Amino acid sequence: YAGHQYGGFTMLGDGRAILLGEHRTPSGGLVDIQFKGSGRTRFSRGGDGLAALGPMLREYIISEAMAALGIPTTGSLAVVTTGEKVYRESPRRGAILTRVAASHIRVGTFEYAARRDEATLRALADYAIDRHDPELVEAPEKYLAFLKAVADRQASLVARWQLVGFIHGVMNTDNVAISGETIDYGPCAFMNAYDPGTVYSSIDRGGRYAYGNQPRIVQWNLARFAETLLPLIDPEPEAAVAAATEVLEGFPAVFERYWLAGMREKLGLQSEEAGDADLARSLLDWMQKVRADFTNTFRDLSAGPPVGERYRDAEFQAWYARWQERVGPTGPSYELMRSVNPAVIPRNHRVEEALSAAEDRDDLSVMHRLLDALASPYETRAEHAEYRDPPADEAGYRTFCGT
Ligand code: AMP
Ligand code: MG
């Protein structure tokens with residue numbers, strides 16, 4: 001594959017991942033099985049093709065958490081240490097992640113094929129449609145319909161990310177799966193205090209992949225995808241551009257629809273009213289102003305009238321009154337709220353704690369306790385209480401892609 005990395009085009013190919021093949025699951029689904037970190041490939045360029053234990057366990061933990069939250073994601077079957085050292089800033093233990101995915105076809109795969117020739121591109125598109133959108137095989141204008149289907153999945157996915165405060169961290173086009181699964185967990189992290197400008201990745205200095213930019217970046221990535229499909233959409237370039245542009249320009253509205261539907265659930269609203277988006281946004285504005293924890297605020301609201309110093313704030317009280325008026329005497333659906341507002345997310349400091357116990361002390365118990373809590377994110381269990389606290393101080397916290 002190829003890809004736009006931080007806006008610039010690069011030829012890539014997988015430098016440290018090997019597709020073992022496809023597997024038919026007992027329920028009839030088809031998945032790819034891949035090793036990540038298994039050594040040099042013909043695309044490794046200057047890299048060693050290896051992976052360190054910490055970053056592979058990080059992918060394992062976060063992808064498990066995402067799956068439990070109900071968000072489409074590639075899966076992690078296993079992380080196995082190789083017994084060899086991997087040399088980064090310091091020598092680290094090498095490991096291989098076994099990844100399972102609906103497929104590993106990325107926007108970047110199309111960027112590569114489109115730069116070869118049209119026959120290759122068409123073969124890839126037909127294969128991807130067959131695999132991910134079989135109902136479109138006979139559709140009129142099937143490549144345009146495919147673009148719409150991919151855009152729709154991405155809109156839904158990024159809305160799900162926004163709704164739980166997930167920051168992917170490295171949304172290059174080679175890390176965007178056509179299937180609509182979250183893929184490639186590198187410097188990703190969950191936001192604590194609500195702030196659209198939140199960035200954790202050490203290499204994202206300009207904040208290109210900040211939390212609040214994610215929907216726009218998905219649209220940008222889809223524009224790169226649309227460009228590859230132009231010759232298939234219509235042999236007449238102008239007609240192809242016009243049709244693709246219409247899909248791309250419709251993206252913000254599609255995203256907003258998914259996001260608002262999710263926000264209504266987060267606020268326990270079981271009907272649609274015109275002021276709902278504004279109601280949600282004014283809560284977020286207040287959260288940003290007082291640096292309220294994104295996850296815990298929604299969880300607090302899910303449990304009845306929220307208690308605590310922060311909620312005595314006049315601006316919050318005004319918002320709360322507005323929300324109460326919106327839901328009327330029956331109140332919000334707390335049950336619905338508790339089913340979408342997680343109590344437990346993989347807090348960065350908890351993930352780091354689990355990784356350092358595993359990497360530095362060969363102690364997996366910290367990670368297993370964390371994984372246990374992450375497996376039922378929508379339940380409030382006493383034994384998981386410690387995982388609900390945000391870090392005392394996360395100033396300067398940075399994530400690394402670990403390559
Ligand atoms: P990523 O930022 O993880 O999506 O990686 C971007 C590209 O760099 C992918 O094609 C990777 O396969 C490649 N890459 C990452 N780490 C290594 C490594 N240690 N050796 C060779 N290639 C790598
Ligand atoms: Mg990648």
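Side chains are part of it too, since the values below use all heavy atoms of this structure and drop only hydrogens, waters and symmetry mates. A quick note: this is a predicted structure, and the numbers were derived from the prediction, not measured.
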> Between Arg93 and Glu359, which heavy-atom pair has the shortest distance, and what is it?
Replying inline: NH1-O, 3.6 Å
> Can you check whether Tyr334's main-chain N or O pairs, donor with acceptor, with Ser302's side chain at less than 3.5 Å?
Replying inline: no
> Distance from Leu97 atom CG to Ser38 atom OG, nearest 0.5 Å?
Replying inline: 10.0 Å
> Would you say Arg160's side chain and Gly70's backbone share a donor-acceptor pair under 3.5 angstrom?
Replying inline: yes
> Which distance, rounded to the nearest 0.5 Å, do you find between the CD of Glu383 and the CG of Asp372?
Replying inline: 7.0 Å
> Under a 4.0 Å N-O cut-off, is there an ion pair linking Arg131 with Asp32?
Replying inline: yes
> Would one find more than 12 heavy atoms of other residues, nucleotides or ligands at under 6.0 Å from atom CZ of Phe35?
Replying inline: no
> Is the shortest heavy-atom distance from the side chain of Leu232 to the side chain of Lys142 under 4.5 Å?
Replying inline: no
> Would you say Glu246 has more than 12 foreign heavy atoms packed within less than 6.0 Å of its CD?
Replying inline: no
> Do Tyr185 and Thr74 pass the side-chain hydrogen bond (donor to acceptor under 3.5 Å, both in side chains) test, and can you show the C-alpha distance, the side-chain angles, and the key distance before you say yes or no?
Replying inline: CA-CA 10 Å; Tyr185 294 89; Thr74 62; 5.2 Å; no
>> If we count only N and O atoms by modelled type, under 3.5 Å, do the side chains of Asn192 and Arg347 hold a donor and an acceptor together?
In response: yes
>> Side chains of Asp14 and Gln34, heavy atoms from C-beta outward: is any pair under 4.5 Å?
In response: yes
> Between Arg310 and Trp286, does a side-chain contact (heavy atoms from CB on, under 4.5 Å) hold up when you go through it step by step?
Replying inline: CA-CA 11 Å; Arg310 173 156 284 163; Trp286 172 77; 3.6 Å; yes
> At their closest point, which heavy atom of Pro215 faces which heavy atom of Phe255, and how far apart are they?
Replying inline: CG-CZ, 3.5 Å
> Using the ring of each side chain (for Trp, its six-membered ring), is Phe316 parallel, tilted or perpendicular to Trp319, with breaks at 30° and 60°?
Replying inline: tilted
> Do Thr198 and Phe190 come within less than 4.5 Å of each other through their side chains, counting heavy atoms only?
Replying inline: no
>> Under 3.5 Å, is there a donor on one side chain and an acceptor on the other for His104 and Arg99?
In response: yes
>> Please confirm whether the ring centroid of Tyr6 lies under 6.0 Å from the ring centroid of Tyr209.
In response: yes
> Side chains of Gln214 and His168: do they bring a donor and an acceptor to under 3.5 Å?
Replying inline: no
>> Please find the pair of heavy atoms, one from Ala102 and one from Glu181, that lie closest to each other, and give the distance.
In response: N-OE1, 3.0 Å
>> How close do Val199 and Gly207 get, counting heavy atoms only, and between which atoms?
In response: CG2-CA, 3.7 Å
>> I need the minimum non-hydrogen distance between Arg338 and Ala303, along with the two atoms involved.
In response: NH1-CA, 4.5 Å
> Can you check whether Val218 reaches Met171 side chain to side chain, under 4.5 Å on heavy atoms?
Replying inline: yes
> Pick one: which of Ile345, Asp293, Ile167 meets side chain to side chain contact (heavy atoms under 4.5 Å, CB included) with Met191?
Replying inline: Ile167
> Is there a donor-acceptor contact under 3.5 Å linking the side chains of Thr120 and Tyr112?
Replying inline: no
> Is it true that the NZ or CZ of Arg216 lies under 6.0 Å from the centre of Trp220's six-membered ring and within 45 degrees of the ring axis?
Replying inline: no
> Going by an N to O cut-off under 4.0 Å, is there a salt bridge joining Lys36 and Asp184?
Replying inline: yes
> Just by distance, do the side chain of Thr399 and the backbone of Pro187 share a donor-acceptor pair under 3.5 Å?
Replying inline: yes
> Sub-3.5 Å donor-acceptor pair from the side chain of Gln317 to the main-chain atoms of Tyr311, do we have one?
Replying inline: yes
>> Please report the interatomic distance OG1(Thr98) to OH(Tyr60), rounded to the nearest 0.5 Å.
In response: 10.5 Å
> Does Glu236 offer a backbone N or O that forms a donor-acceptor pair with the side chain of Asp234 under 3.5 Å?
Replying inline: yes
>> Distance check, rounded to the nearest 0.5 Å: Gln162 atom CD versus Leu157 atom CG?
In response: 10.0 Å
>> Quick check on Glu238: does its CD atom have over 12 non-hydrogen neighbours (other residues, nucleotides or ligands) under 6.0 Å away?
In response: no
>> Just to verify, which of Arg106, Arg224, His4 counts as forming a side chain to side chain donor-acceptor pair (under 3.5 Å) with Glu111?
In response: His4
>> Donor-acceptor check, side chain of Arg40 to backbone of Gly47, threshold 3.5 angstrom: yes or no?
In response: yes
>> Donor-acceptor check, side chain of Thr41 to backbone of Phe43, threshold 3.5 angstrom: yes or no?
In response: yes
>> Determine whether a donor-acceptor pair (N or O, by modelled atom type, separation under 3.5 Å) exists between the side chain of Arg388 and the backbone of Asn296.
In response: no
>> For the CD1 atom of Ile96 and the CD atom of Glu84, what is their distance to the nearest 0.5 Å?
In response: 8.5 Å
>> Please check: side-chain N/O of Gln154 versus main-chain N/O of Ala177, any donor-acceptor pairing under 3.5 Å?
In response: yes
> Hey, is Arg58 close enough to Glu352 for a salt bridge, meaning N to O under 4.0 Å?
Replying inline: yes
>> Classify the ring geometry of Tyr211 against Tyr194: parallel below 30°, tilted from 30° to 60°, perpendicular beyond 60°.
In response: perpendicular
> Could you walk me through whether Leu283 and Leu301 pass the side-chain contact (heavy atoms from CB on, under 4.5 Å) check?
Replying inline: CA-CA 11 Å; Leu283 173 63; Leu301 292 176; 3.8 Å; yes
>> Using 30° and 60° as the class boundaries, would you call the ring planes of Phe110 and Phe146 parallel, tilted or perpendicular?
In response: tilted
> Within 45 degrees of the axis of the six-membered ring of Phe400 and under 6.0 Å from its centre: does Arg88 put its NZ or CZ there?
Replying inline: no
>> Using the rule given for side-chain contact (heavy atoms from CB on, under 4.5 Å), can you reason through Leu163 versus Lys266, listing the C-alpha separation, both sets of side-chain angles and the distance that settles it, and then say yes or no?
In response: CA-CA 8 Å; Leu163 292 164; Lys266 286 177 84 69; 3.7 Å; yes
> What distance do Arg208 atom CZ and Ile203 atom CD1 have between them, rounded to the nearest 0.5 Å?
Replying inline: 12.0 Å
> Should Ser282 and Arg322 be marked as a side-chain hydrogen bond (donor to acceptor under 3.5 Å, both in side chains) after you check the CA-CA gap, both sets of side-chain angles, and the distance that decides it?
Replying inline: CA-CA 10 Å; Ser282 49; Arg322 190 175 153 198; 3.0 Å; yes
>> Any salt bridge linking Lys148 with Asp133? Criterion: basic side-chain nitrogen under 4.0 Å from a carboxylate oxygen.
In response: no
> Is there side-chain contact between Phe298 and Val340, with heavy atoms separated by less than 4.5 Å?
Replying inline: no
> Any sub-3.5 Å donor-acceptor pair from Glu141's side-chain atoms to Ile233's backbone N or O?
Replying inline: no
> Heavy-atom distance under 4.5 Å between the side chains of Val170 and Asp204, does that happen here?
Replying inline: no
>> So Arg92 and Leu53, do their side chains get closer than 4.5 Å, heavy atoms only?
In response: no
>> Looking at every non-hydrogen atom in both residues, tell me the closest pair between Thr173 and Gly3 and how far apart they are.
In response: OG1-CA, 3.2 Å
> Side chains of Met263 and Asp276: closer than 4.5 Å at any heavy-atom pair?
Replying inline: no
>> Assess, by modelled atom type and distance only, whether the side chains of Arg299 and Thr380 contain a donor and an acceptor separated by less than 3.5 Å.
In response: yes
>> I'd like to know if Arg281 and Glu256 make a salt bridge, using a cut-off of under 4.0 Å between side-chain N and carboxylate O.
In response: yes
